[in-house]
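Starting from 1, each residue takes its place in the sequence as its number.
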Amino acid sequence: GCHNVHDYSDEAADAFRVWLAERYGDVATLNDAWSTTFWSQRYADFAEVLPPRATTSFANPAQQLDFARFSSDALKDYLIAERELLRRITPDVPITTNFMIMGETKAMDYADWAHEVDFVSNDHYRHPGPQDLDELSFSANLTSGVALGAPWYLMEHSPSAVNWQHVNVAKHAGELARDALTHLAHGADAIAYFQWRQSQGGAERHHSAMVPHAGRDSRIFREVVGLGHVLDRLSDVAGAVRHDADVRILFDWQSWWAVDLDSQPSSLLRYKQEALDWYTALLDAGVRADVVPASAPLPGRGLVIVPMLHVVDDALRARLDAHVAAGGSLLVTAYSGIADERLHTALGGYPGRLRHLLGVRVDELLPVLGGETIHVDGLEAKIGRASCR
């Protein structure tokens with residue numbers, strides 16, 4: 001699903017209508033959920049509904065969000081179909097598939113997929129940049145969260161350079177082991193690579209491998225062998241169940257999809273970046289935090305951070321209430337608690353879905369331009385990464 005997750009064909013439109021009928025039951029409920037009275041979009045029958053194809057104006061955001069949900073579910077159905085076939089053929093063999101919890105890959109709600117496999121596996125490739133190592137740790141941490149703290153497999157990463165970035169930077173000496181051991185530290189019970197021998201031809205002949213074009217007499221192969229010795233010494237601790245941290249960052253694919261839609265208060269809003277910035281800030285402060293899906297159990301103790309948790313349904317709100325009532329702390333960032341699962345904004349002041357927990361009421365959203373300085377009670381704050389640290 002990383003390359004072809006969205007299908008706007010007539011066949012996909014038919015499947016989308018079936019999915020909507022199962023979700024809403026009747027077209028009147030769909031109209032209410034999508035606020036179709038706005039711009040005269042009301043439907044008289046599910047047969048009139050199309051995927052959110054290109055339009056001359058803004059698309060309906062609730063329609064876009066539901067299509068994202070449908071697309072994730074459609075791919076999950078493929079996974080289930082393949083799993084059931086394998087169950088019949090090889091009933092004693094555990095089944096997994098390689099998730100892609102990394103970077104901006106966001107089209108699959110992996111927290112919803114995890115219970116469909118016997119154990120979680122993940123692919124991860126690092127994109128060079130100022131937070132690339134923090135993102136490496138964040139993704140490994142979130143994979144452990146999706147696995148609910150159980151051991152998981154790193155199904156695929158690279159010994160050195162990949163072949164699909166604008167500039168395919170090779171890993172320097174020691175980085176192969178550092179990247180692998182970061183995954184191990186977050187619960188990976190297997191460290192696997194693409195690929196074993198570097199291809200002589202084909203689309204990925206410039207993708208690194210454990211045995212590169214230079215052969216066994218090479219730095220990469222010596223580092224792979226060295227990592228094997230390290231993993232052998234660490235075999236007693238590999239695959240251990242994660243001990244919960246006192247700080248948790250809630251990660252929610254539904255909010256990621258919603259925040260990254262168009263027609264937002266600011267195009268500078270980036271859900272994944274907001275969550276990553278909080279993780280970076282905690283790492284810099286020496287504070288260990290778990291990154292967990294919004295569907296994960298909340299401990300009722302310690303600190304739970306909800307960065308830009310835009311979509312809060314009744315069940316999630318009840319769990320946040322229970323966490324606070326039990327003595328836990330909740331840190332809520334801007335643009336959280338704005339809407340329910342239908343993208344209906346809660347009225348009466350922001351953040352309407354969480355206002356009762358925070359004791360604050362915001363009349364108006366006031367985005368600022370990049371680099372603009374604002375003043376609050378005599379204190380100066382600037383937009384950007386520093387503002388969330």
Side-chain angles (χ1 to χ4, degrees), residues 1-55 57-87 95 97-101 104-117 120 146 251-263 271 293-295 309-316 339-345:
C2 61
H3 303 297
N4 58 345
V5 65
H6 295 130
D7 181 359
Y8 298 92
S9 68
D10 290 341
E11 290 79 7
D14 289 338
F16 186 37
R17 294 176 191 123
V18 172
W19 185 91
L20 291 171
E22 292 175 351
R23 179 177 179 85
Y24 293 110
D26 57 71
V27 75
T29 306
L30 170 71
N31 281 315
D32 178 65
W34 286 9
S35 301
T36 57
T37 51
F38 188 79
W39 281 354
S40 302
Q41 295 179 334
R42 290 189 67 82
Y43 298 99
D45 191 275
F46 282 112
E48 298 175 358
V49 179
L50 292 172
R53 295 167 177 166
T55 63
S57 187
F58 298 117
N60 184 318
Q63 179 188 20
Q64 290 177 302
L65 181 57
D66 268 346
F67 190 70
R69 291 167 172 148
F70 155 75
S71 299
S72 180
D73 284 352
L75 282 173
K76 185 177 69 171
D77 286 344
Y78 283 117
L79 166 64
I80 293 170
E82 293 180 344
R83 181 199 66 197
E84 291 308 300
L85 178 63
L86 291 173
R87 283 269 190 265
I95 294 173
T97 193
N98 46 327
F99 294 172
M100 299 193 74
I101 299 175
E104 291 294 318
T105 303
K106 65 180 181 181
M108 288 69 67
D109 185 349
Y110 288 124
D112 179 55
W113 287 37
H115 65 279
E116 304 293 353
V117 292
V120 168
V146 167
F251 193 87
D252 181 40
W253 275 269
Q254 307 276 327
S255 291
W256 192 359
W257 298 336
V259 170
D260 280 9
L261 295 176
D262 46 27
S263 305
Y271 176 84
S295 57
L309 187 66
H310 186 77
V311 177
V312 179
D313 62 18
D314 289 343
L316 178 54
D340 63 14
E341 67 277 11
R342 304 167 299 173
L343 282 189
H344 288 195
T345 300

Task: Intermediate values then yes/no, side chain to side chain contact (heavy atoms under 4.5 Å, CB included), Thr29 and Arg23 - done: CA-CA 10 Å; Thr29 306; Arg23 179 177 179 85; over 6 Å; no
Open item on the list: Applying side chain to side chain contact (heavy atoms under 4.5 Å, CB included), can you list everything that pairs with Asn4, at least two apart in sequence or on another chain?
Closed with: none
Task: Any residue meeting side chain to side chain contact (heavy atoms under 4.5 Å, CB included) with Asp14, in chain and number order, not counting sequence neighbours - done: Arg17
Task: Near-ring test Tyr271/Phe251, centroid separation under 6.0 angstrom - done: yes
TODO: Start with the C-alpha distance between Arg342 and Asp32, add both sets of side-chain angles, then the distance that settles side chain to side chain contact (heavy atoms under 4.5 Å, CB included), and finish with yes or no.
DONE: CA-CA 9 Å; Arg342 304 167 299 173; Asp32 178 65; 3.3 Å; yes
Task: Results of salt bridge (charged side-chain N to carboxylate O under 4.0 Å, His left out) for Asp10 - residues two or more places apart only - done: Arg53
Open item on the list: If I compare all heavy atoms of Leu309 with all of Ser255, which pair ends up nearest, and what's the gap?
Closed with: C-OG, 3.6 Å
TODO: Check whether any side-chain heavy atom of Glu341 sits under 4.5 Å from a side-chain heavy atom of Leu316, and report yes or no.
DONE: no
TODO: Any chance you could measure His310, atom NE2, to Thr345, atom OG1, to the nearest 0.5 Å?
DONE: 6.0 Å
Task: Qualifying residues under side chain to side chain contact (heavy atoms under 4.5 Å, CB included), relative to Ser263, sequence neighbours excluded - done: Phe58
- [ ] Determine, stepwise, if the pair Gln41 / Gln63 fulfils side chain to side chain contact (heavy atoms under 4.5 Å, CB included).
- [x] CA-CA 11 Å; Gln41 295 179 334; Gln63 179 188 20; over 6 Å; no
TODO: Could you pull out all residues at least two apart from Glu48 that satisfy salt bridge (charged side-chain N to carboxylate O under 4.0 Å, His left out)?
DONE: none
Open item on the list: Please check: side-chain N/O of His344 versus main-chain N/O of Ala33, any donor-acceptor pairing under 3.5 Å?
Closed with: yes
Task: Residues that Trp257 engages under side-chain hydrogen bond (donor to acceptor under 3.5 Å, both in side chains), provided they are two or more places apart - done: none
Open item on the list: Show me the pairs that pass side-chain hydrogen bond (donor to acceptor under 3.5 Å, both in side chains) and involve residues 70-79, at least two apart or across chains.
Closed with: Trp19-Asp73, Ser72-Trp113, Lys76-Asp112
Open item on the list: Using every non-hydrogen atom in the two residues, find where Gln254 and Val311 come nearest and quote the distance to one decimal.
Closed with: O-CG2, 4.1 Å
Open item on the list: I'd like to know if the side chain of Tyr110 reaches the main chain of Met100, judged simply by a donor and an acceptor atom lying under 3.5 Å from each other, with no hydrogens or angles considered.
Closed with: yes
Task: Contacts of Ala111 that satisfy side chain to side chain contact (heavy atoms under 4.5 Å, CB included) - sequence neighbours left out - done: Asp109, Trp253, Pro293, Ser295
Task: Rounded distance (nearest 0.5 Å) linking atom CG of Leu30 with atom CG of Leu20 - done: 6.0 Å
- [ ] Check whether any side-chain heavy atom of Phe99 lies under 4.5 Å from a side-chain heavy atom of Thr97, and answer yes or no.
- [x] yes
Task: Phe67 ring center within less than 6.0 Å of Tyr8 ring center - done: yes
Task: Pairing residues for Ser9 by the side-chain hydrogen bond (donor to acceptor under 3.5 Å, both in side chains) criterion, not counting sequence neighbours - done: Asp7, Glu11
Open item on the list: With a 4.5 Å cut-off on side-chain heavy atoms, are Val49 and Trp34 touching?
Closed with: yes
TODO: Kindly compute the distance separating CD1 (Ile95) from CD1 (Ile80), expressed to the nearest 0.5 Å.
DONE: 11.5 Å
TODO: Look up atom CH2 in Trp256 and atom CG in Leu261, then write down how far apart they are to the nearest 0.5 Å.
DONE: 13.0 Å
Open item on the list: Test of understanding: with salt bridge (charged side-chain N to carboxylate O under 4.0 Å, His left out), list the residues that count as partners of Arg42, not counting sequence neighbours.
Closed with: none
Task: Side chain Arg83, main chain Glu116, donor-acceptor under 3.5 Å - done: yes
Task: With sequence neighbours excluded, residues passing side-chain hydrogen bond (donor to acceptor under 3.5 Å, both in side chains) with Glu104 - done: none
- [ ] Kindly write out the residues that satisfy salt bridge (charged side-chain N to carboxylate O under 4.0 Å, His left out) with Asp313, not counting sequence neighbours, or none if the list is empty.
- [x] none
